[in-house]
Each structure stands twice: as structure tokens, then as C-alpha cells.
There are 2 protein chains.
Amino acid sequence: MLDFKSLNPLIHTPVRLGIMTVLSQQDSCDFNFLKKTLDTSDGNLSTHITKLETAGYLSITKIFQNKLPNTSYSLTQLGKMELSTYLTKMRNILQQSEI
Amino acid sequence: MLDFKSLNPLIHTPVRLGIMTVLSQQDSCDFNFLKKTLDTSDGNLSTHITKLETAGYLSITKIFQNKLPNTSYSLTQLGKMELSTYLTKMRNILQQSEI
DNA sequence: TTTGTCTACTTTGTAGTACAAAGTACTTTT
DNA sequence: AAAAGTACTTTGTACTACAAAGTAGACAAA
């Protein structure tokens, strides 16, 4: 019995997998960087970020930079752990494929 | 710019990724085998199968076995191609993760 | 013989989700 | 001071995943 059900759905969604992946590569980044990197709409990105924050997977820092708001995000310990678990499971699944 | 958007959503859903993975391992299998292997409800499995068939990713063969209906599924060429593309993209994404 | 149970699915109703359009708040330009 | 721009957030809608309920035939018991 292959365990597809345990793939964390909070991470599995492409946009959120993207956010988590980007944040695994750098300690933190801001809204516009994510928006550019993932090529999503403001609204979509914002709601996905909120979900990840609510889950405790990322922390948010708001400052003013050049008189403009600037919000940056980084993975929490929990977020790193959950991403790590997700990656392990997904890698196992991909290995199962014989194509 | 990482290309998370191009992950084929018809394959990405866990149950359907499961179906495709199982069918990449064996030429064909039947409804009950998928149900057991993926641990899903009848209804859920049925609708996911229909989606994959509508997309042309798998073909369906219905017979009677011991006076009971028996339906088996196998990947089409298109299905194999799309799975292959998905796997490549997902592997690239997983490689990006630094955790 | 008809009532009930079993297998093997399919259809349908609902609750939840992803997305972009619209909205907010502040700044800069004209 | 009116308009346009930046940096987001909130909201409405269209879609989706899921299981409960439904269908159809086989066999069993009453």
C-alpha cells in the first residue's frame, strides 16, 4: 500500500510548494521576490502565504523600506521539518514510478 | 523563475499521482487493486479514474469474471508521456530544495 | 418468490480550495 | 488636489475532492 494520502496538502499545492522551496534556499525573502519567482497574482500569493503562516510554517516580518511597506518571510523550524518530511515522501513516490 | 505552474494538475493530485504510479509499475490492474493499494473510497477512486480517462491518460477494459463485473485500467501512450513529463519537472523541483 | 445481502462500481451533494478582481492604505507625481 | 503607483489583503466565484447514496446484477435465506 503506497502512502499517497500522507503527502501534506498544505505543502503539496504548487504555489505553496514553490514558496517553501524558495524559502529553503534563502533565509528569507519578500513578497515581490516570491511573486516574481513564482509568477503568481498578488491575491493568490497572499492567501497561500496566510495559509502557511496560520499553519506555523513561516514567520512574517513587516518593515517600512523607502517609505513603502515591505514584508518578508522565512521558514520556521516546524516549516523546515514539514518540508523535509514532504520531500522524503515525495522522493519515495517518484522512485516508485517505472517510466 | 521556478516553473511550479507547469506541474500537470491532472497528475499532481495525490490519488491520481497514485493511480498513475501504480499503472507505471504494471501493464494493467483492476479497480479493487487500486482501491486497496491507494486506500481510497470507491466514489473518490471512481471520479479520479474518470478524469484520467477523459484526459486520455488511461484506457478502460470491462469484462465479467466469475459473473461479476471487473474493470481494469492501463496507461495510454499519452498517459505515459504526461507522467514522464510530470516526473521530470517534479524531480527538478525537489532538487531545488535545500533542506 | 421476494426480501435481503454482497460485489463492483457510478452518480450526486456538499464542503472546501485556488484564483483573480476588487479593495485598502499610503506615497509620489502632475 | 487629483491621479497613478506600490504593496499588499479581502472577497466572490468557479472548480474540485470526497464520501454518502444510488444502480445493477448475483446469490442466499425465509
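From a predicted model like this one, the values you see are computed outputs, not experimental measurements. Per chain, numbering begins at 1; letters A, B, ... match sequence-line order.
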Could you pull out all residues at least two apart from B:Ser24 that satisfy side chain to side chain donor-acceptor pair (under 3.5 Å)? none
Is the shortest heavy-atom distance from the side chain of B:Leu17 to the side chain of B:Tyr86 under 4.5 Å? yes
Take nucleotides 9-18 of chain C nucleotide by nucleotide from the 5' end and write B, S or -, depending on whether a protein heavy atom sits under 4.0 Å from the base, only from the sugar-phosphate, or from neither. BBBB----SS
Partners meeting side chain to side chain donor-acceptor pair (under 3.5 Å) with B:Asn44 (sequence neighbours left out): B:His48
Could you tell me the separation between the NZ atom of B:Lys5 and the P atom of C:dA20, rounded to a whole number of Å? 6 Å
Under-4.0 Å side-chain N/O to phosphate OP1/OP2 contact, B:Lys67 with D:dC27: yes
Specify the separation, in whole Å, of atom CG of B:Leu17 and atom C1' of D:dA17. 15 Å
same_hphob_cluster(A:Leu87, A:Met81) at 4.5 Å side-chain heavy-atom cutoff: no
Would you call the rings of A:His12 and B:His12 parallel, tilted or perpendicular, where under 30° means parallel and over 60° means perpendicular? parallel
Separation of D:dC8 P from A:Asn66 CG (nearest whole Å): 12 Å
Residue met sooner reading DNA chain C from 5', once A:Leu45 and A:Phe64 are mapped to nucleotides: A:Leu45
With each end axis built from five pairs of C1' atoms, what bend angle do you get for the helix from C:dT1-D:dA30 to C:dT30-D:dA1? Round to 10°. 30°
Provide, to the nearest angstrom, the distance between the CG atom belonging to B:Leu52 and the P atom belonging to D:dA17. 10 Å
With sequence neighbours left out, write down each residue that passes side chain to side chain donor-acceptor pair (under 3.5 Å) with B:Gln25, or none if nothing qualifies. A:Gln96
What's the verdict on side chain to side chain contact (heavy atoms under 4.5 Å, CB included) for B:Met90 and A:Leu94, showing C-alpha distance, side-chain angles and the deciding distance? CA-CA 8 Å; B:Met90 185 51 103; A:Leu94 294 192; 3.7 Å; yes
Check the distance between D:dC18's P and B:Leu38's CG and give it to me in whole angstrom. 11 Å
Taken in chain and number order and not counting sequence neighbours, the residues that satisfy side-chain contact (heavy atoms from CB on, under 4.5 Å) with B:Lys35 are B:Phe31, B:Asn32, B:Asp42, B:Leu45
